[in-house]
2 protein chains.
Amino acid sequence: MLLDTERGALTRALEIAGDPVVPLGPNPRVGCVLLSPAGEVLAEGRHRGAGTAHAEAAALAAARSADISVVGATAVVTLEPCSHVGRTGPCADALISAGIARVVVARRDPNPVAAGGIERLRAAGIEVELGIDEDLAAAAAALNRGWEHGLQHARPLVTAKIALTLDGRAAAADGTSQWITGPAAREEVHLLRTTCDAVLVGTGTARTDHPTLTARRSDGTLHPRQPLRAVMGTGTAPSLPAVDGAGEELRLLTHDPSAALETLFERGVRHVLVEGGPVVTGAFLRAGLVDELIVHLAPTLLGAGRPAVEDLSIATLADRLDLDLVEVAPLPSSGGPTDLRITLRPRPRTA
Amino acid sequence: MLLDTERGALTRALEIAGDPVVPLGPNPRVGCVLLSPAGEVLAEGRHRGAGTAHAEAAALAAARSADISVVGATAVVTLEPCSHVGRTGPCADALISAGIARVVVARRDPNPVAAGGIERLRAAGIEVELGIDEDLAAAAAALNRGWEHGLQHARPLVTAKIALTLDGRAAAADGTSQWITGPAAREEVHLLRTTCDAVLVGTGTARTDHPTLTARRSDGTLHPRQPLRAVMGTGTAPSLPAVDGAGEELRLLTHDPSAALETLFERGVRHVLVEGGPVVTGAFLRAGLVDELIVHLAPTLLGAGRPAVEDLSIATLADRLDLDLVEVAPLPSSGGPTDLRITLRPRPRTA
């Protein structure tokens, strides 16, 4: 069971681990908070990406440099302390040597190379607590879902996002499409971009829409964390608009979603946001390479205009692409219509 | 404030008023429960349609025939007792003569001819309670929403129902469409039919789908209350399939939704369920004659096939038909994908 002070510390550890100053990419984001036996915060630490100290080591170092003793303290960590010697020493050993008495772990390390930290701690007589509440467990899982997906599948996690009307249109008959959805949905897309390593569009979208593919706040300023901007396809496409502080641009000269994901994975990308157009999104869906579909559904009807999804090579109803509903949430915008965010997971195709 | 016994009696009064044995149509559905000062149920009554006793009169008669005194009793009614002499005497007077001491009213009568019952009761020294909780008030309003709509607008309330995929398709590329939605959504349509006076389809749908337009239970048997079955349009169409116990069939030889509604209203219809196809639904939407749109959204993608909504005469995004979201609810079917029911109300067109 978690103490209230430990629950608070874990919330804080998740917060500092997920902070926008922490880079995404091929390393997990981890936070650590050290608590005195009385429940006071002694020190904090987080991992800041490849080659830097792990969260536990950072927290111990912070305590040391402030001359604070951590003997008998509790370490609250968002991920199982590692037991392997990588670019840094094993964190489990560091916690043991420091005299930590209890460790609260939000999530087991799914990486077989790094796992085993909990057993190592327990063997040293340290009490390890794994039972945390559902919300905190979900937050800990969400924090590194791209990283975990990469460990399991050796390719990035793919989220596809589409915006459409109730009747499935992405544009009106004359091609006008700005904006189908309201401000709340559009703001959400920018937040989503900050949680992904890369945003990907097709050359058609790059040509037609000139998207900046940046993550902006509602006041127009850039978010501190910007995704890599990938343009996929063999057609001609202009460079994306130059924006100070935007993510790097990457051209993927292929029509094959697998090949595109392989290149991105090699570059350290663990979570890609596919933002269209219909051709690219259709290619990823057809290939079974969409892990999560986020639909922004505008409560509006057009009765004509470009369909938002095309060419899935489905001729008859039995071949439909079914999805499991994960969540549906209204996105109210003041004065305007209330869009819906529908989160779904494509079912594995049986055919 | 309502006593607990009165809340229970009101729930019961709503239940008996809405019972399927009570016909829909141009008369309101009303229920009445008489309670002793100690809170025991003395008698019940409900209105069974034009020319029969009102609910209050029926309850008083039931008490009389069982030799139960109602002097000092409380009458709990779903609708304000009438004060006018129609085919029956005013119920307010009947309650006064019977010696009723208190009356709980769930909803004011919006009919100017019948209203005034509450004032009449109060003038006779009877305590009238109008404050009921939100859920009961909503149930009382829902009970007669077609009837109330008819009083205010002199035309039936129109609910349009469409079923489509996430990408707005009503059928796959080869025309297959059974079934886009799952069993839970389809069952819901049958329940919806029992709450409407008439179900309406176009001649195209009558020709292609041969719908029975009956309200069936999940075991296939017919619900006790069946809607009028209206087929609208000037095209040729076969008679609807003959089904024992099905509602009467009515041919509306017009393409004009207003004209169709006028005919239906004259026949006593106060709530119409428009079930398509796209041409008919489009005509009602275009004419601004849809009061409520119920979308059954299947979490599935087709990428091709017949759009569910067509021809709204909208050329550009600014002319879009916006709707207000009323409710969204998942409709889980065991094993299958979870459809969404999205209830919306078209916004008045500004153009």
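Every chain is numbered from 1, with letters handed out A, B, ... down the list of sequences.
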Closest-packed option against chain A by number of heavy-atom pairs under 4.5 Å, given B/G336, B/P346, B/A170: B/G336
Under 3.5 Å: donor-acceptor pair, side chain of B/T338, backbone of A/L325: no
Under 4.5 Å from any heavy atom of chain B - which part of A/L301: both
Exercise: identify the closest heavy-atom pair between A/A172 and B/A315: CB-O, 3.8 Å
Heavy-atom contact with chain A under 4.5 Å, split by part of B/I342: side chain
Straight-line distance of B/T300 OG1 to A/I314 CD1, nearest 0.5 Å: 7.0 Å
Enclosure of A/E134 CD (heavy-atom neighbours >12, cutoff 6.0 Å): no
Polar side-chain atom of B/T316 near backbone of A/D174 as donor-acceptor pair, under 3.5 Å: no
Closest-packed option against chain A by number of heavy-atom pairs under 4.5 Å, given B/V328, B/T165, B/T176, B/L164: B/T176
Side chain proximity check, A/L344 to B/L166, heavy atoms < 4.5 angstrom: yes
Chain B-proximal positions within residues 182-214 of chain A [heavy-atom distance under 4.5 Å]: none
Side chain to side chain donor-acceptor pair (under 3.5 Å) partners of A/R145, counting only residues at least two apart: A/E292
Part of B/S177 within contact of chain A (heavy atom distance under 4.5 Å): backbone
Heavy-atom pairs under 4.5 Å with chain A, option from B/A173, B/G168, B/P330, B/P299 with the top count: B/P299
Closest contact, heavy atoms only, A/L317 versus B/I180: CD1-CD1, 3.7 Å
For B/L323 against A/P337, the heavy-atom pair lying closest together: O-CB, 4.0 Å
Taking every non-hydrogen atom, the tightest pair across A/R320 and B/L302: CB-CD2, 3.9 Å
Passing option when B/D167 is tested against A/D167, A/V309, A/V295 for side chain to side chain contact (heavy atoms under 4.5 Å, CB included): A/V309
Neighbour count above 12 (heavy atom, 6.0 Å) for B/R345 CZ: no
Per-residue contact mode, B/L297 against chain A (heavy atom under 4.5 angstrom): side chain
Atom group of A/L293 that falls short of 4.5 Å from chain B, counting heavy atoms: side chain
